[in-house]
Visitor: 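Just passing along the structure, written as structure tokens.
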Amino acid sequence: MNALGRLRRSPAFAAGATLLALILLSALLAPVLAPYPPNAQNLTGGLLPPSPEHWFGTDQLGRDVLSRMLFAAQTDLRVSVLAALAPFVIGVTVGLVTGYFGGAVDWVGSRIIDTVIAFPFYVIVIAIVFAVGAGEGGIIVAFALVGWVGYARVLRAMTAALRESGWVQAARGGGLSHARVLLRHLLPNVLPQAIVLLATEIVLIMVAIVTLGYLGLGIQPPTPDWGTMISDGQAFITTHWWLSALPGLAVVLTGVSLSLIGDGVGDALRVGAGARPRAGRAGRVDRGRGHASGRLPRANGPFAPPRRRIERPAGADAKAGAAGGASAALRAGEVRVRGLRVEAAPRGGGSGPVLVDGLSFEVRPGEAVGIVGESGSGKTLTLRALLGMMPPGTRVAAGEASAGGPVRMVFQDPLTALDPLTRVGVQLREAVEAAHDGSRAEAARRVRELLERVRLPDPGRIARAYPHQLSGGQRQRVVIAMALAGDPALLLCDEPTTALDVTVQRRVLELLDELRRSRGITLVFVSHDLAVVSSMCERVIVMRGGRAVESGETERVVRDPREPYTRALLDAVPALPQLAADPGPGTPLPGGRDAPQRPQGRTGARTPEALVAGGAASASQPPVLEVRGAQIGYGRALAVDGVSLAVRAGGALGIVGESGSGKTTLARAIVGQLPLIGGEILLDGRIQPSRRDRAARRAVQLVPQDPYSSLDPRMTVGQTLGELLRAHRLATGAESRARIAGLLESVRLDPGLARCYPHELSGGQRQRVAIARALAVEPRAIVADEPTSALDVSVQASVVELLRELRSATGVALVLVSHDLAVVHELCEEVLVMRGGEAVETGGAAFFTEPRTDYGRQLLSAVPRLGRRA
């Protein structure tokens with residue numbers, strides 16, 4: 001639904017528009033509706049009460065109050081709108097420019113804003129009106145000079161926050177000018193808030209005009225004005241109260257109507273940035289591998305829980321009690337799902353698309369069961385049904401999802417599951433207090449015990465920290481500790497290791513397995529990673545399109561799948577070769593934070609000249625992209641120290657390492673988003689300056705980790721690609737449309753998707769659009785930062801295959817940043833291993849079987865492999 005359709009459905013906008021339309025119509029038709037001329041006096045008929053001849057009575061000069069109010073509406077609305085336009089344009093411009101450029105521009109703009117704000121609003125407006133003269137002109141000039149600061153302050157903050165977003169960085173990386181980024185990308189995304197402010201500002205200006213009229217500094221007599229009428233009627237407030245009350249009511253109604261319109265317009269424009277796909281688009285086929293991307297439709301339907309009720313939801317977990325005979329009969333930790341049917345709940349009732357269809361399974365107490373399948377198969381919805389907390393827009397339409405004993409859930413992203421403004425210890429204490437009665441001291445002791453149980457070092461420091469001060473692995477363990485606070489009998493895990501590197505993933509999996517075995521907790525583990533599930537679970541359920549297509553013992557399903565779909569999932573899992581025997585004792589993993597400390601030396605690192613990725617056919621060619629001794633810092637800390645690499649045309653180099661090793665920092669520097677403090681980056685043998693021109697930015701393109709955040713939510717796929725083609729004069733008009741279709745086909749997408757917005761695409765489709773955008777400007781090199789980390793195995797396989805084919809067909813050089821070593825093995829000829837900002841090992845295919853450093857062996861040993869139990 002477009003913005004116009006959302007406006008029509010908005011109750012706030014409908015009410016405000018109707019009320020304002022009546023007020024505007026009355027003002028426009030004032031010459032027709034007014035029973036008397038607004039300034040016609042009748043000194044013998046003053047202060048008459050309301051009557052059939054004078055509906056609102058007369059004032060002290062015998063003038064008809066209704067007539068004057070109608071003509072006053074014309075005056076006040078006209079002046080309010082004119083006085084609001086100039087501040088709107090000035091404020092939006094200043095806010096965009098200062099927020100986008102920052103630095104000295106921001107400092108100067110902010111000081112001017114602070115200076116204007118330092119003066120009381122009405123004092124400065126009255127002073128300006130005195131200086132330029134009362135009347136319409138004076139009012140318009142006064143507000144043009146002081147009314148813009150509100151817009152500038154709000155939009156500066158919004159723009160400063162957006163300028164680091166992925167889609168703004170992608171636009172700059174695509175070689176677009178500052179003016180185009182400001183007007184085509186940033187302005188549409190801050191405009192909704194500016195429009196809401198405009199509606200509010202018109203109300204404030206109208207009140208200010210009324211106030212000035214009340215003080216005799218506004219619209220000058222004999223022109224009718226609501227403020228002057230309120231002032232004139234004040235002397236008779238005890239005997240003829242309507243003389244002031246009726247104009248005041250007109251001001252209030254106008255203000256209410258504008259506020260409702262502003263809210264409606266803001267909501268309609270904002271929803272495009274974060275809207276869910278419509279129900280009608282659920283199940284779009286991801287062309288190339290038949291991937292169904294059944295996304296959750298947006299709807300407002302009733303919540304019909306399965307046979308359970310929620311006793312108390314608490315953030316990321318909820319204590320659920322059994323309700324009804326079936327649930328009451330379950331043992332602690334036992335799970336029973338029978339004929340579960342989950343539907344999207346469309347507007348207006350009725351039945352929506354089926355998201356989970358007739359699912360049935362049981363889990364015994366203490367058992368570990370995995371649920372696998374592609375995105376949109378219904379895995380997470382099944383867990384939410386067991387938890388009794390269905391997402392908005394969905395409902396349990398039939399069946400049962402029951403569990404015995406307390407149930408807790410560990411969600412996929414621990415950063416969003418934790419309150420960013422509350423210390424970890426406080427959040428844990430609240431979870432403990434919600435589950436157990438006891439003193440504050442007992443709760444504090446329990447918090448420390450939980451942090452120790454999940455193997456977090458220095459529990460006191462962790463408890464005092466905020467979520468952003470912890471590593472990804474530490475945050476995930478805090479979420480697990482919160483789940484354990486209620487002594488659960490059943491633990492639901494929804495992709496708990498997707499965003500973690502292999503060594504941290506191994507620690508989290510070992511922790512979950514140890515907790516399950518030592519405490520007898522039942523584990524239901526959802527993942528798209530079959531290797532992870534096979535290392536954790538005794539049984540596995542394979543889901544597709546909301547149904548269970550196969551289930552059984554994990555070893556049997558992995559070894560001898562019965563269904564073609566299961567076999568296809570297994571075939572799509574990238575495999576690593578077997579490690580050679582360990583030549584000797586390895587260096588233990590470092591303690592403390594999950595991100596390792598900087599090593600003392602570069603054990604096993606080769607010289608920059610030896611680290612050149614490229615096939616035999618290109619061995620005689622110079623590198624397309626070369627990095628020599630790169631140093632990159634954040635403040636006083638070095639994030640990357642002395643890293644070198646080179647990639648020839650058609651070659652592929654993989655950069656691997658744990659979180660915090662500097663992989664993404666190096667990638668951002670290669671594409672020009674971060675400056676070097678030492679070393680050089682060369683493109684075709686030419687050293688690149690810290691500020692690259694359009695041609696240099698075009699030559700090295702980034703495929704970001706999260707394609708959703710890197711695509712402008714207000715632009716269709718066709719608009720995103722077409723903008724780059726026009727900006728670089730690669731195609732225009734009909735040629736541009738043909739080129740867009742060709743780009744989409746080159747990444748195995750239906751050209752019809754050019755009309756879609758990012759939120760209407762599946763994860764795999766968005767990732768291919770990001771690749772198409774990188775290819776649109778005909779780059780010499782592509783840097784892909786974790787391009788498959790959040791994708792299920794079949795889509796991941798298709799993206800890997802696509803990148804391999806594009807290298808061969810276009811000769812583009814590829815730098816792949818990933819924590820998935822199997823993907824790197826599939827795609828790259830050379831590997832650079834980073835740790836603590838330094839390159840600790842490099843190698844080719846031999847690295848995957850015989851790494852030359854203990855750290856490289858640890859990384860490879862931590863990778864889950866199909867059929868190998870933890």
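What you see below is based on every heavy atom in this structure, not just the backbone, and it leaves out hydrogens, waters and symmetry mates. This chain uses plain numbering: 1 for the first residue, then up along the sequence.
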Visitor: Establish, from distance only, whether the side-chain atoms of R384 and T394 form a donor-acceptor pair under 3.5 Å.
Guide: no
Visitor: Could you tell me whether the side chain of S80 and the main chain of L77 form a donor-acceptor pair under 3.5 Å?
Guide: no
Visitor: When you measure from the side chain of T200 to the backbone of V196, do you find a donor-acceptor pair of N or O atoms at a distance under 3.5 Å?
Guide: yes
Visitor: For D225 and T223, which I'm curious about, is there any donor-acceptor pair between the side chains at under 3.5 Å?
Guide: no
Visitor: Please check if the number of heavy atoms outside R163 that lie under 6.0 Å from its CZ is greater than 12.
Guide: yes
Visitor: Under a 3.5 Å distance rule, please check whether T254 uses its side chain to pair with a backbone N or O of A250 as donor and acceptor.
Guide: yes
Visitor: Who passes ring-ring contact (aromatic ring centres under 6.0 Å, His included) against F101, sequence neighbours left out?
Guide: H178
Visitor: Do the side chain of S231 and the main chain of G227 share a donor and acceptor less than 3.5 angstrom apart?
Guide: no
Visitor: Is there a donor-acceptor pair closer than 3.5 Å between any side-chain N or O of S244 and the backbone N or O of I230?
Guide: yes
Visitor: Would you please say whether a donor-acceptor pair under 3.5 Å links the side chains of E723 and H185?
Guide: yes
Visitor: Strictly distance-based, threshold 3.5 Å: is any side-chain N or O of R63 a donor or acceptor partner for the main-chain N or O of Q41?
Guide: no
Visitor: When you measure from the side chain of R475 to the backbone N and O of L470, does any donor-acceptor pair fall under 3.5 Å?
Guide: yes
Visitor: Kindly say whether L47 contributes a backbone atom to a donor-acceptor pair with the side chain of T58 at under 3.5 angstrom?
Guide: yes
Visitor: Can a side-chain donor-acceptor contact be found between R68 and N39 if the only test is distance below 3.5 angstrom?
Guide: yes
Visitor: Within the distance-only criterion (no hydrogens, no angle test), does the side chain of R697 pair as donor or acceptor with the backbone N or O of R172 below 3.5 angstrom?
Guide: yes
Visitor: Does the side chain of N189 pick up a donor-acceptor pair with the side chain of D712 at under 3.5 Å?
Guide: yes
Visitor: Do any N or O atoms from the side chain of Q719 and from the backbone of Y757 form a donor-acceptor pair under 3.5 angstrom?
Guide: no
